K.L.:
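First the structure, which I've put down as structure tokens, then a few questions once you've had a look.
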Amino acid sequence: MTRARITIDRDFTIADVPRRLFGSFVEHMGRCVYTGIFEPGHPQADERGFRRDVLQLVKELGPTVVRYPGGNFVSGYLWEDGVGPVDQRPRRLDGAWHTIETNAFGLHEFVEWAGEAGVEVMEAVNLGTRGVEEARALVEYANHPGGTYWSDLRRRNGAADPFDIRLWCLGNELDGPWQIGHKTAHEYGRLAQETAKAMRLVDPTIELVAVGSSNRQMPTFGTWEHTVLTHAYEEVDYISMHAYYQERDGDAASFLAEGVDMDAFIDGVIATIDAVKAAGKHRKQVDISFDEWNVWDQDRYNDHEAREIEAAGWREHPRLIEDTYDVADAVVVGTLLHSLLRHGDRVRIANQAQLVNVIAPIRSEEGGPAWRQSIFWPFARMARLAQGRILRLAVDSSQTSTRKFGDVDAIDAAATWDEASGTIALFVANRSLEEAGDVTVDLRGLAATAIRSAEVLTVPEGGDRRSANVADDQDRVGLVPLRDAGIADGAVRATLPPMSWAVIVLDAATA
Ligand code: AHR
């Protein structure tokens, strides 16, 4: 049996929960937009073509902010193509995903959809094939009230009020050789600096995200952030991080421990930001926007799918990276969310990539149903329940051994304390493949008076760790009541099944 003792002290906190930590991402890629959130003619579509069934699931998932329109797509995108009368919008080749982009969906549609979904818009500008001029024009189009060329064009296109978009990404993954308009760190750093300046001259209230490394394995990781920030530190508010995790060579133990990698990746970027801050004698603090993260079987994409897509020729919204997520994937997603939450003092924005169909918690079929994947559950619960202050936990856990990381804590956790509602939300994963985990939670300065709810996601009865939700069996993997949870001698005790993720909500009073 695996054992862990978690000590919570209500005075040991990290930060207020940044609500933008529960962001998502809609890219013009595969079937995320077309037949994902937007499918005119679908029986569930409203008069604008928004799928109501998908919207319902998005609201249940609870993202707070959604990044748009890419991703790699944005580095070749002309935003003007996606505004104005739909029947006059051009069809274009999107080289990033070898797809025909119809432009039937664009900025106005996205802003309207976001309003309906109750999410903040995070807009990316193209710094691959374009630059300062097109970016500042887009800010003027989106945010200026009227009386100028671009703002009046927005008004003529049907939006009298400005979109008031606060969050802007200065391009996407420009450190990657695969990116259209790939740049060196110096080239990008200068471009980001000048673009940021020009965008802020149009609207000084915007927040800007500079592009960081595409992943921790990039040969330029570290030096990229250092160089970019040395140029643009004063002009930007955040630097981005991207990370995708997958199980390799059947090594489930290491896969379940990938949160360890995310922790180290974040710590490395914080160190780099702070080194630039110190060397440049800057007073302001740059934080992190972890604006792409998830589990994604990238080997399958790189080894087969990318070639198949090209061989199939140019098509509209082909199926692309529609990964089916199982139990292990959901447990890993839970631990990645723990890592983000534990770093909530510096990671202020995070976007799970993506929202629908493309490596997504929500799946939909053209003309057919929409359903929740296994990874939907940890996100939905944490987005709703992580409120108030993030607690700094002391976790004393049995170890589990992994090939990639050596011995790691078998029990991984994060928690929040919401004084207003008197609740502690405790999120716990058992990474052990075989052993159940006995968890004891000691509260200092607080007394748990009742367990409001306790749920767990694990291997379903009669299933295995590959169990997943599919179109004709949509609820195979989900949250079920965690029966082995109670309060004894002032401590909370729970037993988690092997490979599981659990959420326990406690009523707590000041002791
Ligand atoms: O989310 C899928 C792709 O992954 C994005 O377009 C790109 O930014 C990243 O490499």
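Note that ligands are numbered from 1 as they come in the structure, with each ligand's atoms numbered from 1 the same way. All values reported here derive from a predicted model rather than from experimental measurement.
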K.L.:
Test side-chain contact (heavy atoms from CB on, under 4.5 Å) on D323 and V358 and set out the steps.
P.N.:
CA-CA 7 Å; D323 288 19; V358 176; over 6 Å; no
K.L.:
Evaluate salt bridge (charged side-chain N to carboxylate O under 4.0 Å, His left out) for R48 paired with E112, printing each intermediate quantity in order.
P.N.:
CA-CA 9 Å; R48 298 160 296 187; E112 208 166 316; 3.2 Å; yes
K.L.:
Among protein heavy atoms, which lies nearest atom 8 (O) of ligand 1, and at what distance?
P.N.:
E292 OE2, 2.6 Å
K.L.:
Taking the ring centre of each residue, are Y68 and H28 less than 6.0 Å apart?
P.N.:
yes
K.L.:
Would you call D299 and R248 a salt bridge, taking side-chain N to carboxylate O under 4.0 Å as the test?
P.N.:
yes
K.L.:
With heavy atoms under 4.0 Å as the rule, classify the contact between Y301 and ligand 1 as side chain, backbone, both or neither.
P.N.:
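No part of Y301 comes within reach of ligand 1.
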K.L.:
Nearest protein heavy atom to atom 10 (O) of ligand 1, by residue and atom, and its distance?
P.N.:
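Here the closest protein heavy atom is E173 OE1, 2.7 Å.
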K.L.:
One residue to check: F73. Relative to ligand 1, which of side chain, backbone, both or neither has a non-hydrogen atom less than 4.0 Å away?
P.N.:
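Near ligand 1, F73 shows nothing, with every heavy atom at 4.0 Å or more.
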K.L.:
Return yes or no for this condition: an N or O of Y244 is under 3.5 Å from an N or O of ligand 1.
P.N.:
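Looking only at distances, the answer is yes, because the N/O contact criterion of under 3.5 Å is met.
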K.L.:
Can you classify the ring geometry of F265 versus F221 as parallel (below 30°), tilted (30 to 60°) or perpendicular (above 60°)?
P.N.:
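Geometry flag for F221 against F265: perpendicular rings.
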K.L.:
So is there a nitrogen or oxygen of W97 less than 3.5 Å from a nitrogen or oxygen in ligand 1?
P.N.:
no
K.L.:
Below 3.5 Å, N or O to N or O, backbone or side chain included: is there any such pair between W296 and ligand 1?
P.N.:
no
K.L.:
Can R431 and E258 be counted as an ion pair, charged N to O under 4.0 angstrom?
P.N.:
no
K.L.:
Side chain or backbone of N172 under 4.0 Å from ligand 1, or both, or neither, by non-hydrogen atoms?
P.N.:
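Contact part for N172 vs ligand 1: side chain (C-beta onward).
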